[in-house]
Amino acid sequence: MDVLLTIPDPEMPISIVDLGLIEDVQIQNGRVSIDVLPTFVGCPALPMIADDITRKVGQLENVENVEVRFIYDPPWTVDRISETGR
Amino acid sequence: MIEIPEKLKTPFADLILAIADDKLMLGHRNSDWTGLGPILEEDIAFSSLAQDEIAHASAFYELAGELLGTSSDELAFGRTPEEYRCAAIVEVPDDFDWASAICRQFFCDEYDMLRLKRMTNSNYAPLANLAGRILAEEQVHIEHSEEWVVRLGRGTDEARQRMQKAIDRLAPIALWLFEPFDGLKSLIDAGLYPGSDFDMYDAWTNRIQDILEKAELTMHVEIGEPDNKGGRRGVHTEHLEPLLNEMCEVYRIEPGVAW
């Protein structure tokens, strides 16, 4: 899912992967399901991030359907930020 | 628990709607301070509180929506006043008295910490997980509320008087947060909302009195059996309807449409 590396947080120049937001990616028969951890529940960037993921992943070859789910377990913490991110 | 049994669905939904409704109304009231806070820092604080409370409410509405087969928007904006489950304290206006806004937040934050802790022990994982996530965010809310209660209580004469007046007015109203609702006991027995309301009330009062002592303020209330129904059972103050008329105005123009 290298395409996810091209999706930045809307407020800073760091990809959502390096920010540690991506918890799980499931691919089955062209249907992609991505579990995302919000940094905080009220983050106003969440709908934008969901749209970016749906659009960019949806444009990939062989992808029929993209589902983005925001989940709360495990809780996002700062130590999920990658070395690159820091 | 993976699936909520049919006979527990209504009380469980009521429990989740209670926290969602409390937070939505509180967030709406908090947002009234945007542009009007006494100092810039607090203008921003109340705007952030509003954002948090409304987002928390939204997440609880999503959860309730899954149980009831409806959307979070429909629940947030599409119900009649009797269908809401918020408690009186989030309905009554603060009349642009900042001491009242701080006092209201203080009573609600202390209650939410306890309510959320109980929810983290629920055997229904989606609720336990969400409550855990939100509890972590409530920490900054409560630090803010407690610090300001102390700061105002030990401040100028005017600050102290207005805080005391706010406590005297709001504390009896705040007791309605603890109103029992139908089916509450069955939720406790089923492990969906483990704990005791008596313990919860004790913990709430004790913590509040600790902070008020530091603030050199007092609270004199005594909880008893309610002799009539309140917000948890759909009987609301006269303030809820105007609040809903304002908050739901856009939604009501064309319910369900994307804005």
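Every chain is numbered from 1, with letters handed out A, B, ... down the list of sequences.
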Between chain A and chain B, which donor-acceptor pairs sit under 3.5 Å apart?
| unit_1 | atom_1 | unit_2 | atom_2 | d |
| --- | --- | --- | --- | --- |
| Arg133(B) | NH1 | Pro38(A) | O | 3.2 |
| Arg133(B) | NH1 | Thr39(A) | O | 2.9 |
| Arg133(B) | NH2 | Thr39(A) | O | 3.2 |
| Glu137(B) | OE2 | Val41(A) | N | 2.8 |

(message) So for Ile54(B), is it side chain, backbone, both, or neither that comes closer than 4.5 Å to the heavy atoms of chain A?
(response) neither

(request) Below 4.5 Å from any heavy atom of chain B, which atoms of Pro74(A) appear? Answer side chain, backbone, both or neither. (result) neither

(message) Is it the case that atom CD1 in Ile2(B) sees more than 12 heavy atoms from other parts of the structure closer than 6.0 Å?
(response) no

(request) Please report the shortest heavy-atom distance between Gly42(A) and Ala55(B), naming the atom on each side. (result) CA-CB, 3.0 Å

(message) Tell me the closest heavy-atom pair linking Val41(A) and Ala59(B), and the distance in Å.
(response) CG1-CB, 4.1 Å

